Peer 1: 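Please find one structure pasted underneath; my questions will follow.
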Protein chains: 2
Amino acid sequence: MSDPLDDVFAALADPTRRTILAMLLEDDMAVTDVAEPFEMSLAAISKHLAILTRAGLISQEKRGRVKWCKLEPDALRGASVWMQGFGQFEPVNLDAFERFLESEFNTAPGDHSPEA
Amino acid sequence: MSDPLDDVFAALADPTRRTILAMLLEDDMAVTDVAEPFEMSLAAISKHLAILTRAGLISQEKRGRVKWCKLEPDALRGASVWMQGFGQFEPVNLDAFERFLESEFNTAPGDHSPEA
DNA sequence: ACGATCGTCAACCATTTGGTTGAATATGCT
DNA sequence: AGCATATTCAACCAAATGGTTGACGATCGT
């Protein structure tokens, strides 16, 4: 009954969560490591990660006692498409959009070289 | 001290507000007319519009006793760019993106034909 | 000047959010 | 077995959110 965009945008509305996503852009991380740079409890970060998971923006896989967090960038697609409905642009042709991105950046899928 | 993205994404997280934005895509509207299709008080809509205004997503101009609401799609740019930092796409060349959109849809700026 | 319309304000309310702490659970190490 | 580490759970809290209603100030039409 509730639009997934609700969860995605709500998840993105918090700066801590956006920072977490940016961190995960570089590499998958364990919950404890995600929490390390923040001045807030591990439990708080755990909640943030749960929210990101519910929004589909990350996935969490438990391996041993460590739970690994992985960015799921595809979850941003819906939101991105929605937003592109504004501006002067018409409802967007995603296939063409992807072709455009490919030709622009010549990037193989999943091949993002971390800059740090 | 607080990131404008906080306000933009928070504004977008509510389905009522997203619907309002979609309505304004077709045309500028008076507050009362924005409120009409919703089953909630005018005051509630007025608050939603205030939130959209604070996020920069719309502007409001009072002409006579009527306050006109106008979509400000540029406010989505920052959020859009932020999001495009994810996925497999690298930090995006917006100019190229716009050229792409132009060539795809061949649409004069502001010329959006409403489908309803 | 009067009444109707447009929109906001103020007070209130229930629910959600973002954080805390301490206990609990699950796994790994020796 | 026993202890340390990784993570969540539960209870709690303050503040923010999304809604209501009723009163209010502006402006329009007659």
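Hydrogens, waters and symmetry mates are skipped; everything else that's a heavy atom, side chains included, is used. Letters go in sequence order (proteins before strands), and every chain restarts at 1. Just so it is clear, the model here is predicted, and its values are computed rather than measured.
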Peer 1: Quick check on DNA chain C: between Leu42(A) and Ile45(B), whose nearest nucleotide comes earlier from the 5' end?
Peer 2: Ile45(B)
Peer 1: What pair of heavy atoms forms the shortest contact from Ile58(A) to Gln60(A), and how long is it?
Peer 2: CD1-CG, 4.1 Å
Peer 1: Arg65(A) has an atom CZ; how far is it from atom C1' of dA26(C), in whole Å?
Peer 2: 10 Å
Peer 1: Quick check on dT8(D): is either OP1 or OP2 less than 4.0 Å from any side-chain nitrogen or oxygen of Ser46(A)?
Peer 2: yes
Peer 1: Ignoring backbone atoms, establish whether Lys62(B) has a side-chain N or O less than 4.0 Å from OP1 or OP2 of dG7(C).
Peer 2: no
Peer 1: Do we see a donor-acceptor contact under 3.5 Å between the side chains of Glu36(B) and Thr32(B)?
Peer 2: no
Peer 1: Measure from CG on Asp6(B) to P on dA16(D) and round the result to the nearest Å.
Peer 2: 13 Å
Peer 1: For the side chain of Lys47(A), counting heavy atoms from C-beta on, which of dT20(C), dG7(C), dG19(D) is nearest?
Peer 2: dT20(C)
Peer 1: Whole-Å distance between dG18(D) C1' and Arg17(B) CZ?
Peer 2: 8 Å
Peer 1: Select from Arg54(B) and Glu39(B) the residue whose nearest nucleotide in DNA chain D is closer to the 5' end of that strand.
Peer 2: Arg54(B)
Peer 1: Want to settle it: does Arg63(A) or Ala43(A) sit nearer the 5' end of DNA chain C, counting the closest nucleotide to each?
Peer 2: Ala43(A)
Peer 1: Measure from NE2 on His48(B) to C1' on dT8(C) and round the result to the nearest Å.
Peer 2: 15 Å
Peer 1: For the side chain of Thr32(A), counting heavy atoms from C-beta on, which of dT7(D), dC9(D), dT8(C) is nearest?
Peer 2: dT7(D)
Peer 1: Between dT27(C), dG19(D), dG7(C), which nucleotide gets closest to the side-chain atoms of Val66(B)?
Peer 2: dG7(C)
Peer 1: Figure out the CD/C1' separation between Gln60(A) and dT7(D), and round it to whole Å.
Peer 2: 10 Å
Peer 1: As a test of reading the structure: which of dT8(C), dG19(D), dT20(C) is closest to the side chain of Met40(B), going by heavy atoms?
Peer 2: dG19(D)
Peer 1: Salt bridge check, Lys70(A) against Glu72(A): does any charged N sit closer than 4.0 Å to a carboxylate O?
Peer 2: no
Peer 1: Name the closest nucleotide to the Ser41(A) side chain, picking from dG18(C), dC6(C), dT20(C).
Peer 2: dT20(C)
Peer 1: In terms of side-chain heavy atoms of Asp14(B), which of dT20(D), dT20(C), dG18(D) is nearest?
Peer 2: dG18(D)
Peer 1: Could you state the atom-to-atom distance from CE of Met29(A) to C1' of dT7(D) in whole Å?
Peer 2: 15 Å
Peer 1: When you measure from the side chain of Thr53(A) to the backbone N and O of Leu49(A), does any donor-acceptor pair fall under 3.5 Å?
Peer 2: yes
Peer 1: Could you tell me how far apart Glu36(B) (CD) and dT5(C) (P) are, to the nearest whole angstrom?
Peer 2: 15 Å
Peer 1: To the nearest Å, give me how far apart CZ (Phe9(B)) and C1' (dT17(C)) are.
Peer 2: 18 Å
Peer 1: Below 4.5 Å, heavy atoms only, C-beta onward: do Arg17(A) and Phe9(B) meet side chain to side chain?
Peer 2: no
